[in-house]
Amino acid sequence: MAPVSEQTIFRNAKLADGSLADLCVTDGRFNAIAPAGNAPLAGPAAIMVDLGGQLVVPAFVEGHIHLDTSFHGDAWRPHIPCTNGFDVRERVAFQAQNLAAAAPMAERAKNQLELCIGHGSLAMRSHVMVDGSVGLSHVETVLAVRETYRDLIDIQLVAFPQSGILSSPGTAELLDEALKLGCDLIGGLDPASFDRDVKGHLDAVFGLAQKHGAGVDIHLHDGGTLGLFQVEEIAARTKALGMAGHVTVSHAYGLGDIPADALAKAGEMLAAAGVAIMTNAPGNHAFPPVAALRQAGVTVFGGSDNIRDSWWPYGDGDMLSRANMIGYRSGFYEDRELADAFDVVTHAGAKALRLADYGIMVGAKADFVAMRALHVPEAVVAVPKDRTVYRRGKVVAGDGTILAR
């Protein structure tokens with residue numbers, strides 16, 4: 001006898017266009033979306049849920065996070081300032097000092113995961129440190145945590161050379177092993193200022209990407225023309241290797257402090273190469289101009305980055321709050337601009353992460369969030385906390401608290 005399909009009908013859901021609809025979910029996917037009161041006939045075992053006009057949006061995409069280095073849920077660790085302005089090497093040293101006294105990594109990673117799931121993120125990309133000091137221990141731990149939570153959230157892992165590649169002997173081989181173990185992407189870090197060899201660094205990164213058929217996501221903190229030069233080199237590699245849609249530059253601070261004409265050319269170049277840009281709109285750095293890059297056709301998406309770790313004490317794991325921050329720092333006021341900020345943490349993130357079957361549409365996975373808001377612009381401004389999070393059509397979190405493990 002064939003197994004009986006699980007069916008749930010969510011009545012009176014408010015969609016992004018303001019209309020009320022009935023959402024029919026069968027075996028974890030939307031199989032019909034009809035005007036409210038016009039849902040197809042349900043089977044006798046169907047579950048009926050009245051959403052009462054709540055706004056229904058796709059689950060959020062957490063596009064850049066560090067599961068291995070957060071202290072969320074651990075003891076409070078006072079921030080240690082750099083001695084002479086922002087310095088990546090010094091921050092890495094502070095991080096090593098703090099991690100040596102931290103709670104077990106698996107415990108901290110689970111705390112951070114549940115924080116994000118509770119707010120509605122059901123897809124995530126986490127960078128995981130790989131270098132000579134930690135070897136593959138971080139990767140092995142986070143891989144196990146990913147497996148534990150696989151039914152609740154989809155997680156991509158980036159093998160991240162936190163201490164550089166060329167300047168950290170043996171790291172290239174460790175990155176190779178990390179990809180064999182199950183990491184999905186290869187990372188990089190400031191090829192010019194950290195490894196001081198742009199070509200050598202990118203040779204290593206893109207060489208591993210080609211070897212394993214992996215995507216690329218490179219941290220780039222360098223500002224101004226130095227940052228722009230590296231963005232240009234990454235875009236050129238991406239285009240030459242036919243990797244459009246598989247490469248991200250995270251942070252790309254340099255795009256936020258160059259003249260408008262140079263930014264316009266950079267936007268055209270990134271769009272043509274198919275390189276995405278990730279930003280968390282950090283408080284004390286220039287950051288990529290979201291509107292200008294989007295207008296040029298660049299995929300710009302968001303992430304929390306660090307949450308209560310050695311880089312800063314902030315972060316709440318809420319991508320709707322992140323949309324609010326990105327919109328605020330970008331000077332987004334009009335409804336269309338607020339909708340753009342929302343897109344950065346939903347559909348744009350899904351595109352950058354190459355997520356299949358995403359959104360509120362027939363055939364998509366029924367991963368969504370229901371909340372009390374008139375529409376998307378109000379949700380971005382008000383950041384309502386009374387949300388219910390659904391994974392494959394089943395409740396997994398409510399009001400910021402995870403309900404399923």
Side-chain angles (χ1 to χ4, degrees), residues 63-64 66 68 88-89 92 125-140 142-143 146 155-222 226-252 254-255 266 269-278 298-299 301 352-354:
H64 185 117
H66 295 262
D68 55 335
V88 174
R89 289 183 185 275
V92 171
R125 177 179 289 177
S126 174
H127 298 251
V128 185
M129 183 164 64
V130 175
D131 68 12
S133 67
V134 303
L136 297 170
S137 62
H138 286 216
V139 168
E140 290 167 343
V142 177
L143 279 169
R146 176 171 74 174
I155 305 174
Q156 297 178 1
L157 298 182
V158 184
F160 173 46
Q162 179 72 85
S163 299
I165 300 177
L166 308 180
S167 56
S168 179
T171 295
E173 292 76 16
L174 288 168
L175 293 169
D176 191 12
E177 289 300 316
L179 291 166
K180 292 177 184 177
L181 284 175
C183 284
D184 307 281
L185 298 96
I186 177 70
L189 174 68
D190 297 327
S193 64
F194 207 99
D195 268 349
R196 298 181 179 275
D197 183 345
V198 175
K199 181 180 184 302
H201 188 97
L202 295 183
D203 281 349
V205 169
F206 281 90
L208 286 168
Q210 291 286 291
K211 177 180 178 180
H212 293 276
V216 170
D217 193 327
I218 299 178
H219 282 63
L220 185 56
H221 306 94
D222 295 331
L226 179 61
L228 176 59
F229 169 69
Q230 292 168 88
V231 169
E232 291 171 344
E233 290 297 298
I234 292 167
R237 296 265 184 150
T238 302
K239 194 168 185 179
L241 294 172
M243 291 184 65
H246 294 266
V247 176
T248 292
V249 178
S250 286
H251 304 309
L255 294 177
M269 171 191 65
L270 289 166
V275 175
I277 297 293
M278 190 293 305
V298 181
T299 299
F301 67 108
L353 271 61
R354 302 178 63 82

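The model shown is predicted, which means the values in this text are computed figures rather than measured ones.
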Are any non-hydrogen side-chain atoms of V139 and C183 less than 4.5 angstrom apart? yes

Side chain to side chain contact (heavy atoms under 4.5 Å, CB included) between H212 and I186, intermediate numbers included: CA-CA 9 Å; H212 293 276; I186 177 70; over 6 Å; no

Within-4.5 Å side-chain heavy-atom neighbours: T248 and F301: yes

I'd like to know if R354 and D184 make a salt bridge, using a cut-off of under 4.0 Å between side-chain N and carboxylate O. no

Measuring centre to centre across the rings, with the benzene-like ring taken for any Trp, is H201 within less than 6.0 Å of F194? no

So do I218 and L202 actually touch side chain to side chain, heavy atoms under 4.5 Å? yes

Residues D131 and L174: closest non-hydrogen pair is O-CD1, 3.4 Å

Counting C-beta onward and ignoring hydrogens, is there a side-chain heavy-atom pair between R237 and D203 closer than 4.5 Å? yes

Nearest heavy atoms of A204 and I165, plus distance in Å: CB-CG2, 4.1 Å

Give the ring-plane orientation class for H221 versus H251, where under 30° counts as parallel, over 60° as perpendicular and anything between as tilted. parallel

If only atom types and distance count, is the side chain of D68 paired as donor or acceptor with the main-chain N or O of V142 below 3.5 Å? no

Please tell me if the side chains of V130 and E177 come closer than 4.5 Å, counting only heavy atoms from C-beta onward. no

Given the rule in the ring-ring contact (aromatic ring centres under 6.0 Å, His included) test, do H219 and H64 qualify, once you have shown the distances and angles that lead to the verdict? CA-CA 10 Å; H219 282 63; H64 185 117; 4.7 Å; yes

How far apart are the C-alpha atoms of D195 and S167, what are their side-chain angles, what is the distance that settles it, and do they pass the side-chain hydrogen bond (donor to acceptor under 3.5 Å, both in side chains) test? CA-CA 6 Å; D195 268 349; S167 56; 2.7 Å; yes

Is there a donor-acceptor pair closer than 3.5 Å between any side-chain N or O of Q230 and the backbone N or O of L220? no

Taking C-beta and beyond as the side chain, do M243 and Q210 meet within less than 4.5 Å on heavy atoms? yes

Pairwise distance CG(L270) to CD1(I277) - rounded to 0.5 angstrom: 5.0 Å

Answer yes or no: is there a side-chain heavy-atom contact under 4.5 Å between T171 and S163? no

